[in-house]
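The model shown is predicted, which means the values in this text are computed figures rather than measured ones. Proteins get letters first, then strands, A, B, ... in listed order; numbering begins at 1 in each.
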Amino acid sequence: MAKAFLKPGEVSSRKQFQEPNSSRLLGIGESSYDYESIIAASMVARNTSLPIHNYKEALLYAVKEYRTVVVVGETGSGKTTQIPQYLLKAGWTDHGRAIVCTQPRRIATTAVAARVAEELDESKGTLGEVVGFAVRFDNCWDSERTKILYATDGTLLRMMLTDPLLLKFQVVMLDEVHERTIATDILCGLLKKIQRLRSDLRVIISSATVDAEKFRDFFETNVTEDCSSNTAIILSVEGRSFPVDIYYTTYPVQDYLQAAYETTLEIHRKQQDGDILIFVPSSEQVDHLLERFQSNEFQICSLRKDRKRLCCVPLYSGLSYREQLATFQPAPSNERKVVVSTNIAETSVTIQGIVFVIDTGFCRMRVHSPETGMDLLCIQSISRASADQRAGRAGRSCPGKCYRLYTEDCYWKLLTENSVPEICRTNLATAILQLKAIGIENVMNFSFIDPPSAKSVATAFEVLYAIDAITEDGVLSDFPGMVMADLPMEPFLARTLVAAKDFECVREIITIIAMLQVEQVPGDSVFKYSSSREHKSFEAARKPFGVAEGDLLTLVNIYDAFEASGHSMRWCSNHGIVPRLMKKARLLRRSIALSLSNVMYGLYGSAALSKADGLLSQKNPDPSSVIKATLKGFFMNSAVVQPDGSYLTLVGKRSVTIHPSSVLASRLPKYIVYCESIHLKRIYIRNITVIEPQWLIQVAPHVFEKRKSRIEEKWKNLISE
DNA sequence: TTGTGGTGT
């Protein structure tokens with residue numbers, strides 16, 4: 001152990017942390033965005049002397065002379081807000097093409113757009129005119145008038161389905177590229193390809209320091225020794241963050257939660273004022289640590305002469321918006337705020353006033369295993385880049401301190417330099433379907449910054465073939481493949497929706513998809529409950545809606561009852577249902593219906609709207625047709641019950657267990673199909689429906705009639721070519 | 001018989 005537990009007033013006999021070798025200037029990626037209220041406050045106190053201003057001329061020169069500019073910028077340099085404005089004023093949009101700047105998250109996209117619209121010109125400051133944004137469900141731009149468009153990376157990728165050369169744009173700026181989201185990675189590869197066809201296009205990559213050379217080399221097309229022909233260049237912009245002293249433990253820590261607890265107490269006892277941010281891997285551990293602080297409240301405040309208390313708040317995505325807001329409110333003057341957070345505080349939100357960071361060195365990560373086709377959620381070591389990002393959270397408003405609950409040796413020898421990019425650890429079916437729809441036939445030859453493994457590409461091919469998206473030759477099918485690529489959902493759900501038309505249950509399937517997407521968010525269930533302790537009330541609330549067919553039709557029942565109540569708030573509260581999520585489901589239903597009218601019926605404008613309304617009103621009372629449509633997408637997830645109450649999947653022969661939250665958990669029907677699996681202590685399956693085994697052959701003869709091995713052989717050859 | 005790092009179309 002690094003050190004013994006400190007009793008109140010006791011002086012530690014052993015120094016827990018090594019003094020830092022040197023102060024390091026650490027930046028926080030500009031990814032740091034705030035919740036809207038915080039942004040509003042920061043806009044009032046806006047500092048006009050942003051570091052980027054000193055680089056304006058250099059930047060404009062670089063963009064003129066080089067086709068790709070990699071801008072390395074520390075926190076608060078202002079690159080996200082200023083660079084598009086410089087380009088606008090320098091005339092880069094004068095020939096009718098706009099500037100687009102991507103962000104990995106919706107909230108940052110809209111907030112930055114609002115800010116730039118205001119900064120640009122007060123008279124023209126209306127959002128949606130010169131400056132606009134494009135995120136799912138919220139388009140606020142005008143193709144004629146908008147010159148600066150902020151968009152999520154996923155949205156720009158979608159735009160490429162209709163505009164593969166991005167002819168609407170003169171300059172494409174990818175921001176926060178170091179986060180390596182799957183959409184940003186694919187955009188990099190596509191932009192490199194477009195640059196070969198469009199010499200006028202300019203690409204700006206905004207990245208953290210560590211990756212700059214990698215991105216420059218990726219985009220550089222000059223193969224000669226003559227540097228004057230280079231096409232890519234790095235521009236470094238200083239940051240505006242404060243130095244953060246890093247402390248490491250002297251010995252490896254065995255129990256990082258215990259160590260985090262003790263370190264907090266030590267900071268509270270010895271250090272000056274300033275809030276503390278603690279990074280732990282899971283929401284469960286956030287709650288665990290909070291309980292610890294709360295149960296020792298009295299002991300903690302007696303650590304200090306002024307009896308200052310700790311004000312401990314949790315932060316993770318499963319909390320409601322209201323609960324999250326508490327994190328951003330300043331603590332009373334007689335309290336020190338301690339935020340116990342998951343990874344969400346690393347990039348997604350910024351909390352003002354943090355002076356101390358405690359980093360356990362771990363995070364929870366979703367990893368897709370191509371061997372089993374399962375997702376694993378496992379706790380693993382963070383990367384050095386991640387550790388630096390966490391430390392940077394302490395230097396936002398004044399010099400700070402970061403306590404790493406691992407040794408310096410561990411930091412350098414055990415942590416990897418960068419985290420594994422999303423594209424190398426997730427299910428690739430969606431990404432490959434999109435690439436093919438954009439016109440990238442040979443995915444193995446696609447220029448990835450970090451290519452995914454051949455095995456995971458092969459798995460994605462198998463999956464896409466099984467659901468008819470691609471042919472035996474690996475070519476995207478016009479129908480249903482192209483239609484599925486156009487639908488904004490996972491391929492299995494898209495296949496189900498396409499099938500729903502044949503089974504005449506479009507309305508029910510749209511409802512199921514909307515409800516599944518709403519429930520997918522961790523912590524979001526349409527039934528009010530926040531912990532396992534409240535599970536009984538959850539069960540009781542759901543009981544009136546449950547049906548023997550399973551969870552999917554139960555979801556339809558809940559939604560239909562909500563509709564029948566006239567979307568009544570009172571109805572929701574009477575049934576223990578969260579109105580916010582039902583509203584979200586309602587919005588999603590309309591959006592899905594509209595996509596379907598566009599994609600399947602080729603309708604736009606008011607014709608699409610009335611078609612969508614029609615799709616949402618045609619009821620089909622036959623449950624089996626709904627289940628057959630679902631099976632068309634999810635037949636790979638069919639399973640048969642075992643004597644011990646577990647299930648064996650028919651494809652792949654894996655052992656899975658019905659998650660206790662399913663309405664079928666105690667019924668154990670013989671044959672089932674599930675929509676979701678998650679590998680926790682066991683492999684749990686959720687959103688389950690009872691099936692008749694003969695439906696499988698009816699729905700997927702190509703898989704259940706043993707033709708599969710020949711196809712697999714063919715792909716092996718395709719991929720090894 | 002129990003629970004989820006964070007995103008996105």
All N/O donor-acceptor pairs, side-chain side in residues 428-439 of chain A, below 3.5 Å, sequence neighbours left out:
from, atom 1, to, atom 2, distance (Å)
A:Lys436, NZ, A:Glu441, O, 2.8
A:Lys436, NZ, A:Gly474, O, 2.8

(request) Identify which one of A:Val313, A:Ile278, A:Val338, A:Val340 satisfies the side chain to side chain contact (heavy atoms under 4.5 Å, CB included) criterion when paired with A:Leu290. (result) A:Val340

(request) Could you tell me the separation between the CG atom of A:Leu315 and the C1' atom of B:dG6, rounded to a whole number of Å? (result) 11 Å

(request) With the side chain of A:Arg364 defined as its heavy atoms from C-beta on, choose the nearest nucleotide among B:dT4, B:dG8, B:dG3. (result) B:dT4

(message) Using whole Å, what does the distance between atom P of nucleotide B:dT1 and atom CG of A:Asp644 come to?
(response) 10 Å

(message) Closest-nucleotide mapping onto DNA chain B: is A:Asn343 or A:Arg682 further toward the 5' terminus? I mean the 5' end.
(response) A:Arg682

(request) Map A:Pro488 and A:Val367 onto DNA chain B by nearest heavy atom, then report which one ends up closer to the 5' terminus. (result) A:Val367

(request) Could you tell me whether the side chain of A:Glu179 reaches within less than 4.5 Å of the side chain of A:Val177, counting heavy atoms only? (result) no

(message) Between P on B:dT7 and CD on A:Glu179, what's the gap in Å once rounded to a whole number?
(response) 10 Å

(message) Output the rounded distance in Å from CD (A:Glu490) to P (B:dG8).
(response) 15 Å

(message) Once hydrogens and angles are ignored, does a donor-acceptor distance under 3.5 Å link the base of B:dG6 to the side chain of A:Glu422?
(response) yes

(message) Taking side chain to side chain donor-acceptor pair (under 3.5 Å) as the cut-off, I'd like each qualifying pair that reaches into residues 154-167 of chain A, sequence neighbours left out, listed once.
(response) A:Thr152-A:Thr155

(message) Would you say A:Ser283 places a side-chain N or O within less than 4.0 Å of OP1 or OP2 belonging to B:dG5?
(response) yes

(request) May I ask you to evaluate whether A:Thr152 reaches the phosphate of B:dT7, defined as a side-chain N or O under 4.0 Å from OP1 or OP2? (result) no

(message) Using the side-chain heavy atoms of A:Tyr316, tell me which of these nucleotides is nearest: B:dT9, B:dG6, B:dG5.
(response) B:dG6

(message) Checking contacts here: which listed nucleotide (B:dG6, B:dG5, B:dT1) is nearest the side-chain heavy atoms of A:Pro660?
(response) B:dT1

(request) Return the nearest nucleotide to the side chain of A:Arg366; candidates are B:dG5, B:dT9, B:dG3. (result) B:dG5

(message) Applying a 4.0 Å non-hydrogen cut-off, can you work out what A:Ser282 is touching in the nucleic acid: base, sugar-phosphate, or nothing?
(response) sugar-phosphate

(request) Find the distance A:Gln103:CD to B:dT7:P and express it as a whole number of Å. (result) 14 Å

(request) Could you check how far CG of A:Leu493 sits from P of B:dT9, rounded to whole Å? (result) 16 Å

(message) Please confirm whether the shortest side-chain N or O distance from A:Arg106 to OP1 or OP2 of B:dT9 is below 4.0 Å.
(response) yes

(request) Report yes if some heavy atom in the side chain of A:Pro452 is under 4.5 Å from a heavy atom in the side chain of A:His368; otherwise report no. (result) no

(message) I want to verify a distance call: between B:dT2, B:dG5, B:dT7, whose nearest atom is closest to the A:Thr342 side chain?
(response) B:dG5

(message) Within the 4.5 Å heavy-atom criterion, are A:Glu422 and A:Asp185 side-chain neighbours or not?
(response) no

(request) Send over the distance from A:Leu187 CG to B:dT7 C1', rounded to a whole Å. (result) 14 Å

(message) Once you apply a heavy-atom cut-off of 4.0 Å, does A:Thr155 come out as touching a base, just sugar-phosphate, or nothing?
(response) sugar-phosphate

(message) Any N or O donor-acceptor pair under 3.5 Å from the base of B:dT9 to the side chain of A:Arg158?
(response) yes

(request) May I have the distance from A:Asn687 (atom CG) to B:dT2 (atom C1'), rounded to whole angstrom? (result) 15 Å

